[in-house]
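We name chains A, B, ... by the order of the sequence lines, and we start the count at 1 in each one. Atoms considered below: every heavy atom in the structure, side chains included; atoms not considered: hydrogens, waters and symmetry mates.
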Number of protein chains: 2
Amino acid sequence: MDRAVTISQVAALAGVSTGTASKALNGRGALRPETRLRVQQAAEQLGFVANAAARSLQTGRTYTVGMITTDSIGRFSIPLLIGAEDALGAGQMSIFLCDARDDPIREQYYLRTLLSRKVDGIIVTGRRTQARAPIGVGLPVPVVYAFISSADPADCSVVPDEADGSRRAIRHLLAVGRRRIALVTGPEHHHSASVRARAAEDTLAAEGLRPAVPTLYGEWSEAWGRQAAGILLSTGADVDAVFCGSDQIARGLAEALTKAGREIPRDVALVGFDNWDVMVEGCQPPLTSIDMDLEGIGRTAAEQLLAAINGTPAHGQHARPCRLVPRASTAV
Amino acid sequence: MDRAVTISQVAALAGVSTGTASKALNGRGALRPETRLRVQQAAEQLGFVANAAARSLQTGRTYTVGMITTDSIGRFSIPLLIGAEDALGAGQMSIFLCDARDDPIREQYYLRTLLSRKVDGIIVTGRRTQARAPIGVGLPVPVVYAFISSADPADCSVVPDEADGSRRAIRHLLAVGRRRIALVTGPEHHHSASVRARAAEDTLAAEGLRPAVPTLYGEWSEAWGRQAAGILLSTGADVDAVFCGSDQIARGLAEALTKAGREIPRDVALVGFDNWDVMVEGCQPPLTSIDMDLEGIGRTAAEQLLAAINGTPAHGQHARPCRLVPRASTAV
DNA sequence: CTGAAAGCGCTAACAG
DNA sequence: CTGTTAGCGCTTTCAG
């Protein structure tokens with residue numbers, strides 16, 4: 001907790017002025033190579049680390065960005081964060097993480113804090129893909145929404161193309177020869193659930209097909225998956241594949257179907273959504289699933305933010321394609 | 001991206017000097033109430049937010065802390081982070097999140113960055129509880145290790161008392177009348193695996209018992225749990241309970257035992273470790289498990305850090321007790 | 001090629 | 001009670 005080394009100390013040791021030392025250390029100006037070297041050695045020797053506050057006070061840039069997760073930090077936020085860190089870290093930027101816990105008060109408080117810290121930009125993320133009210137209007141720094149999207153079309157949002165994911169799932173099931181496909185997903189009022197189901201139905205319709213039974217809406221849980229299996233079996237509809245709204249649902253379904261004597265994928269093929277490692281690998285057999293590439297979304301959002309910071313902001317919603325990861329649950 | 005409002009603008013609008021405005025806004029000095037009010041209104045009107053960089057340049061405090069996760073951000077980091085945020089957010093401190101991804105180079109880079117940002121303190125965390133080399137020596141700011149611990153006993157570490165968790169698990173199984181208890185856990189060379197197993201064996205020994213079969217070491221996966229079930233069944237040892245090193249192992253075991261016709265908990269009672277929501281709830285029946293209270297660890301670590309920042313650093317390893325969460329897998 | 005000086009926005013003495 | 005002044009540590013003209 002000793003007083004930190006300042007650039008003037010470095011300058012003194014190197015026998016130059018602070019201005020010269022600054023130039024030497026930042027590679028600016030036109031200096032004699034030996035002077036530059038002398039300063040660098042002095043800095044090294046003293047363990048000099050520039051004071052970011054002082055620098056940013058001067059330059060107006062802080063090389064920091066804030067990341068506000070509106071819903072509590074969760075499973076989805078991590079890959080987003082990692083992706084963003086990836087893109088920002090390379091540019092020497094640090095991230096302030098703020099967990100607003102779904103509380104508007106906290107959210108505004110954090111926003112204020114971030115502005116006082118003069119972050120260069122803000123990434124807003126959340127647990128649901130549904131559009132949300134902008135976090136603020138006329139903010140002095142660029143904002144990019146990741147995963148979640150802003151209701152204001154002028155804002156920049158980077159989101160997964162969930163409909164694309166559904167299409168891939170259905171096409172894959174069709175490709176492995178299934179025709180009597182059922183859909184089991186989360187709550188009907190949940191944006192992701194309805195978007196995914198709708199797209200799946202449309203994809204079937206485009207092939208002249210319909211779901212084997214009306215889409216089953218429930219919860220995002222294994223328990224619901226197990227329950228849904230019972231429903232499917234009791235309808236007598238001869239389902240040969242199920243596309244689930246989440247890996248958890250799929251897993252519950254797999255378990256219950258297996259218990260009821262159905263063999264996966266021979267009797268029923270299964271596709272999940274999220275490609276959540278512990279779920280798809282724990283499932284028996286391992287689960288084919290749709291990956292939203294959250295890390296890529298985080299990375300793209302960060303890149304968009306950097307672009308905006310550098311003066312070329314993007315607008316509107318950028319939907320990124322999903323990827324199907326085939327595993328044993330749909331193996332032919 | 002307009003130039004931000006400065007305190008001198010506020011002062012001008014309120015018709016006072018900047019010094020007075022500063023005092024008014026920070027509740028310092030002795031001002032006439034009406035003056036204070038006038039300044040506050042002016043600040044409000046202009047949407048003034050103090051520049052943190054300028055302030056910290058003056059005061060030497062930044063009210064920021066860095067959190068370095070040595071291993072990649074994972075499931076364990078989230079609750080730790082939430083707990084830390086909780087304790088720090090109250091004190092108006094912001095967190096820089098840095099993911100070193102298990103790369104010493106990145107780690108040192110981040111450390112340097114954090115120091116240049118003049119953070120008031122640093123929390124180091126990771127995926128394994130095993131002691132690690134200190135992140136640096138003679139650092140100008142206090143450091144607290146959370147979950148992970150530092151090999152230097154002079155450093156402050158806040159860790160889960162995993163042995164305590166094991167004791168609770170075994171005592172619970174004994175309390176529900178089990179005597180032929182087996183232990184199935186992760187890799188033998190993994191610190192958590194061995195600590196947990198050792199403590200469980202010791203607890204049994206204290207009751208004059210031994211594990212029903214020699215402790216089974218394997219991986220931290222459901223697959224291993226399933227495999228272990230096969231081993232247990234084939235030994236012919238009449239096991240009436242299994243304490244697993246993780247919820248995933250327990251879940252695999254539950255699945256395989258059920259499939260083999262054993263009923264849980266009637267024939268075999270099961271206790272997991274981690275109390276990971278999706279695992280314990282997805283398990284059939286729901287899994288009794290040991291909770292390390294990661295959020296509490298994060299909170300405590302942050303509190304220790306705040307104490308250190310305020311001049312009263314703690315030293316050594318602080319082990320926090322675990323908690324057993326009973327569910328159907330051990331119901332009597 | 002290098003030094004001197006000004007100033008980023010704020011706080012903290014110290015006068016008045 | 002309020003204003004003035006002097007920096008915090010750094011970058012950046014502008015002279016020399």
side-chain N/O B/Thr20 vs D/dT2 OP1/OP2, d < 4.0 Å: no

DNA chain C-proximal residues of residues 32-47 of chain A, any heavy atom under 4.0 Å: A/Arg32, A/Thr35

Donor-acceptor contact present, side-chain B/Arg38 to main-chain B/Ala14, <3.5 Å: yes

Backbone N/O of A/Ala52 and side chain of A/Tyr63: donor-acceptor pair under 3.5 Å: no

SB check A/Arg101 A/Asp103 (cutoff 4.0 Å): no

Nearest-neighbour nucleotide for the A/Thr18 side chain, C/dA5, C/dT11, D/dG9 considered: C/dA5

For atom CG of B/Leu25 and atom C1' of D/dT2, their distance in whole Å: 15 Å

Given DNA chain D, 5'-ward residue of the pair A/Ala50 and B/Gly15, judged by closest heavy atom: B/Gly15

Between C/dG9 (P) and B/Gln9 (CD): distance, integer Å: 9 Å

B/Leu31 CG - D/dT2 P separation (whole Å): 6 Å

B/Arg132 and B/Glu107 ion-paired at < 4.0 Å: yes

Under-4.0 Å side-chain N/O to phosphate OP1/OP2 contact, B/Arg55 with C/dG9: no

Carboxylate-amine/guanidinium proximity below 4.0 Å for A/Asp293 and A/Arg320: yes

For atom CZ of A/Phe48 and atom P of D/dG9, their distance in whole Å: 11 Å

Sugar-phosphate only, base, or nothing, as touched by A/Thr6 at under 4.0 Å among non-hydrogen atoms: sugar-phosphate

Euclidean distance, atom CG of residue A/Asn26 to atom C1' of D/dT12 [Å, nearest integer]: 11 Å

Proximity to the side chain of B/Gln58 - top-ranked nucleotide from C/dG9, C/dC14, D/dT12: C/dG9

Verdict with reasoning, B/Gln304 to B/Tyr145, per side chain to side chain donor-acceptor pair (under 3.5 Å): CA-CA 10 Å; B/Gln304 297 279 20; B/Tyr145 296 79; over 6 Å; no

Touch class at under 4.0 angstrom, heavy-atom based, for A/Ala53 against every strand present: nothing

Protein-nucleotide distance (A/Lys23, atom NZ; C/dA5, atom C1'), rounded to Å: 12 Å

Whole angstrom value for the distance that separates P of D/dT11 from CG of A/Asn51: 10 Å

Whether A/Ser157 side chain and A/Ser150 backbone form a donor-acceptor pair below 3.5 Å: yes

Separation of atom CD1 in B/Ile7 from atom C1' in C/dC10, rounded to whole Å: 7 Å

